[in-house]
Amino acid sequence: MGSYPYAIEMVNITKKFPGIIANDNVTLQLKQGEIHALLGENGAGKSTLMSVLFGLYQAEEGVIKKNGEVVQINNPNDANALGIGMVHQHFKLVECFSVLDNIILGVEDTKNGILQRDKAREKVMALSQKYGLQVNPDALIEDISVGMQQRTEILKMLYRDNEILIFDEPTAVLTPQEIEELLQIMKNLAAEGKSILFITHKLNEIKAVADRCSVLRKGKYIGTVDVKDCSKDDLSRMMVGRDVEFAVQKTPANPTDVVLDVQGLTLASKVSKKDAVSNVSFQVRAGEIVCIAGIDGNGQTELVYGISGLENPTAGTVKLCGNDITHAPIRKRSCLGMSHIPEDRHKHGLVLDYTLEDNIVLQRYFEPEFTNKFGFLRRKNIRAYAERLIEQYDVRSGQGPITISRAMSGGNQQKAIIAREIDKDPQLLIAVQPTRGLDVGAIEYIHRQIVAQRDAGKAVLLVSLELDEVMTVSDRILVMYEGEIVGELDPKQTTVEELGLYMAGAKKEG
């Protein structure tokens, strides 16, 4: 190891894709034993830069040095051999394998062709003890929470004795409590001498754990700062290139007619005998934003599935503008004026191998504007419509409307879905985690769009795990706990602490 100050240096890295320079002459230096944040907007080139370091991509220009010596990283196996590990934004785990088998996959210890599971288990348990990463080694990945899946990914790196750990937006899918645990785990790792690169756009997390922070903007390196000398405003200005409004600007709500009426809705659970949603009733009126708050896994997901038609309720009714849609097909709900920004943008929001323009007209391609009377698509109209939305919502992609959706950054995929759903001019907008994984500039924009929908007399049902978002965007808060609504709060009258007590099930209204 020696006393060389930098564990990793990436010098003058340039990486290009069709129509876009993802990294434009970027230099990044990671000190031994530090937590170094990499900050930037969606599509600024953070994940690309880390993928170059991990050997998933090759840079056209520039070199990578480890402890001062130039190294060649052609694939992730090279990276692993150099002690570099990565936890990806979308986890790379085998769903039907156990936690233990995922951790040892690819570096199995065998004796006469027989897997030495016991030795591996001992090492995994020792690591989990040392770093505070409690997991159940025998649980299947498909049965455990996202937070546990992430711990599995971290143990995978530690099991391979990696010294340089890359975390790509590790908190995007975690609950507030899991985030605190993860940040503590990262501190423990750094204290043990690991060097950590932490990609994020959550400024308070950078303030909480990072020693230094490097900022990328539109593929270019802006600078590196000591976190303790910087305010959140300073960081966001470096990242976006302008001042960002953290507070949501909105006038008091002026609700009118009931648009969504949910009565006694019950949905079965896939994992336990208890119902996922039990006997839930509430209304959302035109001109108000009602937010369903709660810790992940308390029935919010299933509730939205029941309202949007992704799953069939076992009891209760759902009405949209007076029409009973409890068992209506999804297209009918869409045509009656329901828009849905789904929680899982890959599974339910986009067809990843379709172009951006085809994703934008997914729910409207059959309308006369986009299909002629012989049933053929009007390609020119689709292209023009997509271009208008791309422009209006600042969706950034290498090849505009013909970009394959899979190739876009997560934040830009999200913007495309939001553009599509809002531009349908719905009566009811259901927005589930609409700003998950977005940077402050994009969050500010999307919050404005949601408030604008409300002000245009639409009903908005927001589902969010971000407490700041719940408190600042909503007009009424309904808290879900274990499948039931346990409280209705007014964001102007309540505190984050009180909200937290309801979410944890410690407090309940009559």
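Predicted, not measured: the structure shown is a model, and the values here were computed from it.
Taking the ring centroids of H348 and Y305, they lie under the 6.0 Å cut-off.
A side-chain donor-acceptor contact under 3.5 Å links T326 and D324. N102 and T152 are not linked by any side-chain donor-acceptor pair at a separation below 3.5 angstrom, with hydrogens and angles left out of the test. Looking at E153 and H88, their side chains never bring a donor and an acceptor atom within 3.5 Å of each other. No hydrogens or angles considered: nothing links the side chains of S236 and D233 as a donor-acceptor pair under 3.5 Å. Defined by atom type and a distance below 3.5 Å, a donor-acceptor pair is missing between the side-chain atoms of Q433 and S464. A donor and an acceptor atom, one from each side chain of E302 and S269, are nowhere located under 3.5 Å apart. For the residue pair T266 and N279, no side-chain donor N or O sits within less than 3.5 Å of a side-chain acceptor on the partner.
Using a 4.5 Å heavy-atom threshold, the side chains of I325 and K332 count as separate. For the pair L352/Q413, a side-chain contact is recorded, criterion being any heavy-atom separation below 4.5 Å from C-beta on. No side-chain heavy atom of V470 sits less than 4.5 Å from a side-chain heavy atom of E466. Using a 4.5 Å heavy-atom threshold, the side chains of Y502 and L489 count as touching. Residues I166 and V87 have side chains not in contact (no heavy-atom distance under 4.5 Å, counting atoms from C-beta outward). A 4.5 Å side-chain heavy-atom check between F198 and E205 finds at least one atom pair inside the cut-off. Residues R333 and S308 are not in side-chain contact: their nearest non-hydrogen atoms beyond the backbone lie 4.5 Å or more apart. Residues M338 and I330 are not in side-chain contact: their nearest non-hydrogen atoms beyond the backbone lie 4.5 Å or more apart.
Note on E391 versus R388: no salt bridge recorded, every NZ/NE/NH1/NH2 to OD/OE distance being 4.0 Å or above. With respect to E367 and R378, no salt bridge is recorded, no charged nitrogen being found less than 4.0 Å from a carboxylate O. Look at R454 and D475 and you find a salt bridge, because one of the NZ, NE, NH1 or NH2 atoms lies within 4.0 Å of a carboxylate O, short of that distance. Salt-bridge formation is not detected for the pair D234/K232: no Lys NZ or Arg NE/NH1/NH2 atom is positioned less than 4.0 Å from an Asp or Glu carboxylate oxygen. The pair K415-D394 meets the salt-bridge criterion, with a side-chain N (NZ, NE, NH1 or NH2) lying under 4.0 Å from an Asp/Glu carboxylate O.
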| said: Checking R383 against I402 for the side-chain contact (heavy atoms from CB on, under 4.5 Å) test, could you report, in this order, the C-alpha distance in whole Å, the side-chain angles of both residues, the deciding distance, and whether it holds? | reply: CA-CA 9 Å; R383 173 76 41 93; I402 59 167; 3.3 Å; yes
Checklist entry - Are T301 and E343 close enough, and set up right, to give a side-chain hydrogen bond (donor to acceptor under 3.5 Å, both in side chains), and what steps lead you there? => result CA-CA 8 Å; T301 300; E343 174 175 23; 2.8 Å; yes
Item to complete: Quick one: do N312 and H327 satisfy side-chain contact (heavy atoms from CB on, under 4.5 Å)? Show the steps, please.
Response: CA-CA 7 Å; N312 253 324; H327 300 290; 2.9 Å; yes
Taking it one step at a time, do L49 and K15 satisfy side-chain contact (heavy atoms from CB on, under 4.5 Å)? CA-CA 8 Å; L49 188 66; K15 176 69 198 150; over 6 Å; no
What do the steps show when you test Y385 against D423 for side-chain hydrogen bond (donor to acceptor under 3.5 Å, both in side chains), and what is the final call?
CA-CA 10 Å; Y385 177 62; D423 203 75; 2.9 Å; yes
Trace of the side-chain hydrogen bond (donor to acceptor under 3.5 Å, both in side chains) decision for H447 with Q249
CA-CA 9 Å; H447 284 166; Q249 301 297 327; over 6 Å; no
Exercise. Let me see the working for L462 and I292 under side-chain contact (heavy atoms from CB on, under 4.5 Å), right down to the final yes or no.
Key: CA-CA 6 Å; L462 172 69; I292 306 267; over 6 Å; no
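Shown here for L465 and G294, the closest heavy-atom pair between the two residues is CD2-O, 3.2 Å. The minimum heavy-atom distance linking A459 with V259 is given by the pair CB-CB, 3.6 Å. The two residues F370 and N381 come nearest to each other via the heavy atoms CE2-O, 4.0 Å. Shortest non-hydrogen contact noted between A22 and T48 is CB-CG2, 3.7 Å. The two residues L133 and I185 come nearest to each other via the heavy atoms CD2-CD1, 3.4 Å. The minimum heavy-atom distance linking Q300 with N298 is given by the pair OE1-N, 3.0 Å.
In this structure, the side chain of T355 engages the main chain of D358 through a donor-acceptor pair within 3.5 Å. In this structure a side-chain-to-backbone donor-acceptor pair under 3.5 Å is missing from E41 to A442. In this structure, T371 contributes its side chain and P368 its backbone to no donor-acceptor pair below 3.5 Å. With S397 contributing its side chain and M408 its backbone, the two residues share no donor-acceptor pair below 3.5 Å. Of the possible polar contacts, none joining the K16 side chain to the N23 backbone as a donor-acceptor pair under 3.5 Å is found. In terms of modelled atom types and a separation under 3.5 Å, the side chain of N412 and the main chain of S409 share no donor-acceptor contact. The backbone N or O of V227 sits less than 3.5 Å from a side-chain atom of K207, completing a donor-acceptor pair. Formation of a donor-acceptor pair under 3.5 Å by the R217 side chain with backbone atoms of G40 is not found in this model. Listed for the E311 side chain is no donor-acceptor partner under 3.5 Å among the backbone atoms of L267.
To the nearest 0.5 Å, atoms NZ (K202) and CD (E169) are separated by 8.5 Å. The distance from atom CD of Q363 to atom OH of Y365, rounded to the nearest 0.5 Å, is 10.0 Å. Rounded to the nearest 0.5 angstrom, D261 CG and T317 OG1 are separated by 6.5 Å. Atoms CD1 and CD1, from I418 and I341 in turn, are 4.5 Å apart once rounded to the nearest 0.5 Å. Note: E484 CD to L478 CG = 13.5 Å, rounded to the nearest 0.5 Å. In this structure, CG in L197 is found 6.5 Å from CG in L53, a value given to the nearest 0.5 Å.
With sequence neighbours left out, K424 forms a salt bridge (charged side-chain N to carboxylate O under 4.0 Å, His left out) with E421. With sequence neighbours excluded, the residues that form a salt bridge (charged side-chain N to carboxylate O under 4.0 Å, His left out) with R476 are E288, E488. Take D275 and apply the side chain to side chain donor-acceptor pair (under 3.5 Å) test, not counting sequence neighbours, and it matches no residue.
Taking a 6.0 Å sphere around CZ of F97, one finds it holds 12 or fewer heavy atoms contributed by other residues, nucleotides or ligands. Atom OH of Y445 has more than 12 neighbouring heavy atoms from other residues, nucleotides or ligands inside a 6.0 Å radius. Other residues, nucleotides and ligands contribute at most 12 non-hydrogen atoms within 6.0 Å of the NZ atom of K218. Taking a 6.0 Å sphere around NZ of K319, one finds it holds 12 or fewer heavy atoms contributed by other residues, nucleotides or ligands.
For R331 and F366, the positive end sits near the middle of the six-membered ring, less than 6.0 Å away and at most 45° from its axis.
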